[in-house]
Each structure stands twice: as structure tokens, then as C-alpha cells.
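Being a predicted model, the structure only gives us computed values, none of them experimental. When a ligand or atom number is given, it counts from 1 through the structure's own listing order.
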Amino acid sequence: MRRITLVIACVLAGPAFAQATPPPAHNPMLDTIGTAPSAANIERDIRTLVGFGTRHTASETKSTARGIGAARRWIFDEFTRISKACGGCLEVSYVSGIVQGEPRIPGPLDVVSVIAVQRGTADPNRYVIMSGDIDSRVTDVMNATSDSPGANDNASGVAGTFEAARILSKQRFAGSIVYAALSGEEQGLFGGKILAEQAKKDGWRIEAVLNNDMIGNSAGINGVVDNTTARVFAEGTRATETAEEARQRRFTGGEVDSPTRNLARYIDRMADHVPNLDVMMVYRLDRFGRGGHHRPFNDLGYPAVRVMETNEHYDRQHQDLRTENGRVYGDTIDGVDFAYAAKLTALNAVTLASLASAPPPPANVTVEGAVSADTTLKWTRPDAKQAPNLTGYKVYWRLTTDPQWTKSRWVGNVDAFTLKNIVIDNYFFGVAAVAMDGTESPVVFPGAAGSFGGY
Ligand SMILES: [Zn+2]
């Protein structure tokens, strides 16, 4: 109905009309989601996961009470319960693969993850993914039998993923949302690798992976106690960039504008919907020399970030449970700040909701304007069936040294726009697709360096 009205108005008023009526800048749905996660639910789920004794990837699978087998069956059942509450809106399944001949998995070992897919209504093959890890470890990474609570690393990430599913499954979204509990992280990122390869094989258009790994520690080993910030790690140029793409990028820019970086900028903006939370964007793949389950997605060229606490406590990571000279080691439940984990969950939930509500990111974005006073951006639009809620586009720009997009202009439902008297040399440019409810896609930087892919 609204669409028809707009078409008639355009005929009467001409193309200027579309540009004169930007969608609402603010979507109240996101504020609601930003305060929805329950610390009590997250605590309950972390306690349950810790209760399996160890969730080491090579641990017991037959017991109903202990080991990773019991843990993943409970995770499957919990996703199924969440699905029941939304009339069966989640497709719950195991995603597994046999791993062997690896330093940390001599194998053969069945590495089994659990995923739940909330199918999109308009663009079901476009996916945003939130993940946490099932598995835990102690000092010796091969020790599959000792108690290994993994309360923060990474029951917190799985509990946050459940809670986001509970909240978001109450609504329907244009794009698909995947909630993933991955396995084999500590043994070499195998669960993520298996899922990423499966997604590639099945032709998923992955717009974003938010990998949550340790989201509940607010008192750092550095003595800093801080429950108001989160870190988002985002790599620079794509791992899959070709030599020709790198050559092109050298002349046109893009080294700080990979889709992963623009996903991080998007998440930073989404923190506005979560009270007392700011994002520290970190321009690197992960912590120095360390890894996480977003990396196997980056390896295949997908936009993927690590979301985590700002201050880590190393006595609580990968440690045998023990006390040495009065110093307590181990990743036990008393080290988790559940309210803080709820805030980081909220950051994920608003980001997933906004991405899945918004139209797909613009494809085939180009920019031109060398030796001219003006800069022109062009892009292609999806077909109407895929993006029924698309209302138009916003062009963004910023100084080359600015971390975040600072300037934007609503340009209407067009596929090209010229910024008059804005010199291409002095700024970076991008374009975002906007939905009728005001939600936006990430900003897409022109060329292969910034592309989120096609439609
Ligand atoms: Zn770990």
C-alpha cells in the first residue's frame, strides 16, 4: 500500500520527492531489543554448560551427564525448546565432520556443532550468523578428562547466542539469522571451518558473522574493572584478495574498508541502542597471535568479526583448576559477570535484528571523479521480491583517517549519485541500502576490496 502511494507521489512530484522523504532515522524496535537480554537466563545456561564437567572436543560422548556429547544434545534440545515457543520458527540441526591427522586431533574424531536457522521472509539465502563455542579446555589442550568448566571460555558465548535466539525469534526478519554453537575451537577452529565450508558449498550469501568468544569477564588481570565496553576485532584486507585486486586497491584505496571493517563500524553504531555500552573497534584479525571461530569465515572471504570482553583474565583461561601460592586458577562460574554478558548479547541482538531487517548491502558499487570537483557513486539494486522493504540509499563519506563514517546523505531510491563539490581524493566513500523502517545495511566501500558480494 505504502509502495503504491509512493509511486503515485513520485509521478506527481518528480524524482526530487523520493529524496525529500528519508525514512525514520531511528528504529524503536532496536532500543527494545537492546535492553531485552536477561542476565538470569544467561547465568542459568552457563551453569548448565559448566555442569557437564568437561566439554573438551574429544571428551566423553555416551554419558548423559558429562562430556561434549551430553552438552551438544542439551544444546540441540534447548534450541528446539526455543523453536517450540515461536511455533517452530527455527530449523535446528547438527553440522559435523570427521577430523584427523591434526596436531590437536590425531583422530579420527567427529567434530559436531549445533545450529538453528531462523529463515528470512524475503531474502532467505542472505545470512547473518551469531556464534559461540561449546568446547572447553584446561592447561594441556589434549586433556579430555579433567574438569574443565569453561564458564567464560566459552559457555558465555553459547548462553548469549541462546538468549539472542529467544529474543529475536519473537519476530520475523527479511534475511535469515543463524544461531550457532560451534565445536572444536580449542583444537584448531574446526567447527567454524566445517560450517563455513558447508555454507560456501550451499551458496549462502553471508553478510556477517558475529563470533562471540568470552563475553563475560569484566575484571581484567590488569586490575581494570569495566562493564561498559566491548571489543570488536576486524581484519583488514580480505585473505582471499587476488594479486590483481591488491594492485587495484593500491590506487583506489580500501585497505581499511574490507566488508569486515565496515561490519565492525556497523556494530559500533549499534551500541547506541545498548545502555552504557561502547565498542572499541580493533583493527586486527584477533588478539595478538591468537585465534577464534570468525577466522575460518574470513579465510573464505566472508565478513566476520570477534566480539568479546575488553579486559581478559588469563588466570581464568585454559587453566587446570588449582590454587598456587594462594593464587586461584581456572575458568569457573564465579568469574563471570552475567549482567555484562547480557549487554554484549544485546549488542549482538540489535546488530542481527538490524542487519536482517535491512535490505541487502548494495552490490557492484563503483566510485569515480578523478580530476573533477565532484564524486559519483554507482551501484546496482536487488529485485523487488528480494528487498520488498527497500526504500532507498544513503551515501556516506569520511576523512581518510577517521575511524567511523562521519558524513552521510539520503539520496532516495536511485542507483547513482553525484556529490557536488566533494573531491574524491580527500575522502573515503560508501553506500548503504535503507529499509522503510529506517534500518540500514552496512556501508559498502566501492570495488572488490569493500564488496559484500552480489544479490
Ligand atoms: Zn579458549
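- Relative orientation of the Phe76 and Tyr94 rings is parallel, given thresholds of 30° and 60° on the angle between their planes.
- Within 6.0 Å of CZ in Arg250 there are 12 or fewer heavy atoms belonging to other residues, nucleotides or ligands.
- Closest N/O/S atom of Glu186 to the Zn ion (ligand 1): OE2.
- The Zn ion (ligand 1) forms the vertex of an angle spanning OD2 of Asp153 and NE2 of His318; to the nearest 10 degrees it equals 90°.
- Put simply, Asp133 stays out of reach of the Zn ion (ligand 1), with no N, O or S atom under 2.8 Å from it.
- A salt bridge (Lys or Arg N to Asp or Glu O under 4.0 Å) check over residues 330-356, counting only residues at least two apart or in different chains, returns the pairs Arg316-Asp334.
- Ring geometry for Phe52 versus Trp74: interplanar angle of 30 to 60°, hence tilted.
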